[in-house]
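Each remark here refers to the structure printed beneath this line.
Small disclaimer: the values here were computed from a predicted structure and weren't measured. One is the number of the first residue; the rest follow in order along the sequence.
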Amino acid sequence: IPLSDPRNGIQSCMPFFRSAPSCHAAVLPHQHREQLNAITSFVDASMVYGSSTGLASALRNRSSPLGSMALNSQHSDQELSYMPFLPRQQAHLDPCGPRNSTTSGASDRSTHRENTTSCFQADSRANEHLGMIALHTLFLREHNRLVSELHLLNPHWSPDVLYQEARKIMGAVHQILTWEHYLPRVLGDIAMSLLMPPYEGYNPEVDPSIANVFAAAAFRFAHVTVQPMVTRLGPGYTTNSQHPPLPLHHSLFASWRVVEEGIDPVLRGLLLSPAKLQTPGQMMVEELTERLFQAQGGMPLDLGALNLQRGRDHGLPYGSWRRFCGLSVPNSTTELAEILGNFTLAHKFQLLYGTPHNIDVWVGAISEPALAGGRVGPLLACLLARQFRALRDGDR
């Protein structure tokens, strides 16, 4: 951490946990390191249901005759359900629990109410942001609504059949949202038609696992689309003094807010708030580069720095992936300026990196101007489309 950075007085360096390497049966002389994925790659709502048999079982209500998901026994949202809290034996993994810091100000009407809750139990990163908690909760409620409806239609079905059929429907909803509503707006219609041909059914030759460059860099483009404030709205989608806009860093691991306020204000805000428009002068908001996890009581982290280091940990240079996608590889500031459509930015990269060949893939990719009708440039369009096409065609 530079001497000029306010964080320097807390620690001299920023903590970074390297990716766990996958194991190979034989050690080859030039075997490159690959990351180990701990959750499934498939677009199947597994973030709600779990990526392992054990977690999937723990997230279910095993005594339910309907195949329902487990619910929170302590709190409800106007008689609507919440996810269960983490079990006591996992309290050491709980970043949502009691904190040393106090919160105050117009954007926060709490004192220490957050001390009464813990994180919700779900797969992956459900608790990381209020929006994630709200969407996971919505999926949970929809699963339990579906099993009730399916039971009325098929009273002879067992709890396991009801659970699996509802889960299959929820996975399909997740897929429809992804391929029909999300990707066309990210890639743009032209890139979508060129890079994502119509679905022709399952192809057993396609590898649906997550590519190194996708996990470590490409899909992290979304970090530059995050707004610095979390919009919350009252009934009628109006600004409400009870739910004012919330600084982003106060929305992280804040399960207590959902228990106190429900998911409706957050969902309304999500529906009416556009993603941040990424520009060369504003790649990522300071809420993520200067205040990430600050409210959790530790040293605030810099998500941009972590993304760059993740790419270096995985060995992902910008030029190599341009070449992989059949795009031109910049060898000079002039050539880089043509690709970025911005000489000032290209010159800054030249000063920072010395040569375009040293540019990290994440920062190079997010710096490319967006394709027509989309939100990403040519390199990201290529990498995202290749991954989502593999996830679609390689899913049996």
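The CG atom of Leu308 sits 9.5 Å away from the CG atom of Leu303 when rounded to the nearest 0.5 Å. Residue His143 holds its NE2 atom at 8.5 Å from CG of Leu162, rounded to the nearest 0.5 Å. Atom CG of Asn307 and atom CE of Met283 lie 12.5 Å apart (nearest 0.5 Å).
Annotation: Leu194, atom CG; neighbour count of heavy atoms from other residues, nucleotides and ligands within 6.0 Å is above 12. Around atom CG of Asp189, no more than 12 heavy atoms belonging to other residues, nucleotides or ligands sit under 6.0 Å away. The environment of CZ in Arg312 is crowded: more than 12 heavy-atom neighbours from other residues, nucleotides or ligands sit within 6.0 Å. Residue Leu351 places its CG atom among more than 12 non-hydrogen atoms of other residues, nucleotides or ligands, all under 6.0 Å distant. For Arg386, the CZ atom counts as loosely surrounded, since its 6.0 Å shell holds 12 or fewer non-hydrogen atoms of other residues, nucleotides or ligands.
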Fill in: Worked check of salt bridge (charged side-chain N to carboxylate O under 4.0 Å, His left out) between Arg257 and Glu260
CA-CA 5 Å; Arg257 288 189 182 277; Glu260 288 282 327; over 6 Å; no
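Within the 4.5 Å cutoff, no side-chain heavy atoms of Arg232 are placed close to those of Asn240. The closest side-chain heavy-atom distance from Leu183 to Met192 is below 4.5 Å. You'll find the side chain of Pro356 reaches within 4.5 Å of the side chain of Gln350, heavy atoms only. Side-chain contact between Ile190 and Leu371 is absent, with no heavy atoms from C-beta onward closer than 4.5 Å.
Residues Ser273 and Thr231 bring a donor and an acceptor atom of their side chains to less than 3.5 Å of each other. Judged by distance alone, the side chains of His357 and Asn331 do bring a donor and an acceptor atom under 3.5 Å apart. Using a 3.5 Å distance cut-off with no hydrogens or angles, the side chains of Ser51 and Asp123 do pair a donor with an acceptor. Under 3.5 Å, the side chains of Asp44 and Tyr49 contain no donor-acceptor pair of N or O atoms. No side-chain N or O of Thr225 forms a donor-acceptor pair with one of Arg375 less than 3.5 Å apart. Between Ser63 and Asn61, the side chains place a donor N or O and an acceptor N or O closer than 3.5 Å (distance only, hydrogens not considered).
Here the side chain of Arg396 pairs no donor or acceptor atom with the backbone of Pro204 at under 3.5 angstrom. Thr355 places no side-chain N or O within 3.5 Å of a backbone atom of Asn358 that could act as its donor or acceptor partner. The closest donor-acceptor contact from the side chain of Asn72 to the backbone of Met83 lies under 3.5 Å. Side-chain atoms of Ser255 come within 3.5 Å of backbone N or O of Ser118 as a donor-acceptor pair. A donor-acceptor pair under 3.5 Å is formed between the side chain of Ser41 and the backbone N or O of Pro208. The backbone N or O of Ser209 lies less than 3.5 Å from a partner atom in the side chain of Gln387, making a donor-acceptor pair. Under the 3.5 Å distance criterion, the side-chain polar atoms of Ser57 are left unmatched by any main-chain donor or acceptor of Thr53. Glu286 places no side-chain N or O within donor-acceptor distance of the main-chain N or O of Arg291, the cut-off being under 3.5 Å.
Classification of Arg60 and Asp160 as a salt-bridged pair holds, one side-chain N sitting under 4.0 Å from a carboxylate O. A salt bridge links Glu165 with Lys168; the closest basic N to acidic carboxylate O contact falls under 4.0 Å. Under 4.0 Å is where a charged nitrogen must lie from a carboxylate oxygen, and between Arg322 and Glu368 at least one such pair does.
Linking ILVMFWY residues whenever their side-chain heavy atoms come closer than 4.5 Å, directly or via other members, leaves Phe42 and Met170 in distinct clusters. Cluster annotation: Met132 is not connected to Val224 through the hydrophobic network of ILVMFWY side chains, with a link wherever side-chain heavy atoms come within less than 4.5 Å. When hydrophobic clusters are built by joining Ile, Leu, Val, Met, Phe, Trp and Tyr residues whose side-chain heavy atoms come closer than 4.5 Å, directly or via intermediates, Val329 is not grouped with Leu345.
Both tests do not hold together for Arg392 against Tyr199: distance to the six-membered ring centre under 6.0 Å, angle to the ring axis within 45°.
Listed here is the closest heavy atom pair of Arg389 and Leu195: CD-O, 3.8 Å. Listed here is the closest heavy atom pair of Ala370 and Gly374: CB-O, 3.6 Å. Considering all non-hydrogen atoms of both residues, His223 and Leu288 come closest at O-CD1, 3.5 Å. Closest of all the heavy-atom pairs between Ala70 and Leu140 is O-CD1, 3.8 Å. Glu287 and Pro247 make their closest contact through OE1-C, 3.7 Å (heavy atoms, listed as atom of the first residue, atom of the second, distance). Residue Gln35 comes nearest to Ser19 through the heavy atom pair CB-CB, 4.2 Å, listed as atom of the first residue, atom of the second, then distance.
Using a 30° and 60° split on the angle between ring planes, Tyr353 and Phe349 fall in the tilted class, from 30° to 60°.
Here Phe388 and Phe214 bring their ring centres to under 6.0 angstrom of each other. Proximity of the aromatic rings of His129 and Phe253 is defined here by a centroid distance below 6.0 angstrom, and this criterion is not met.
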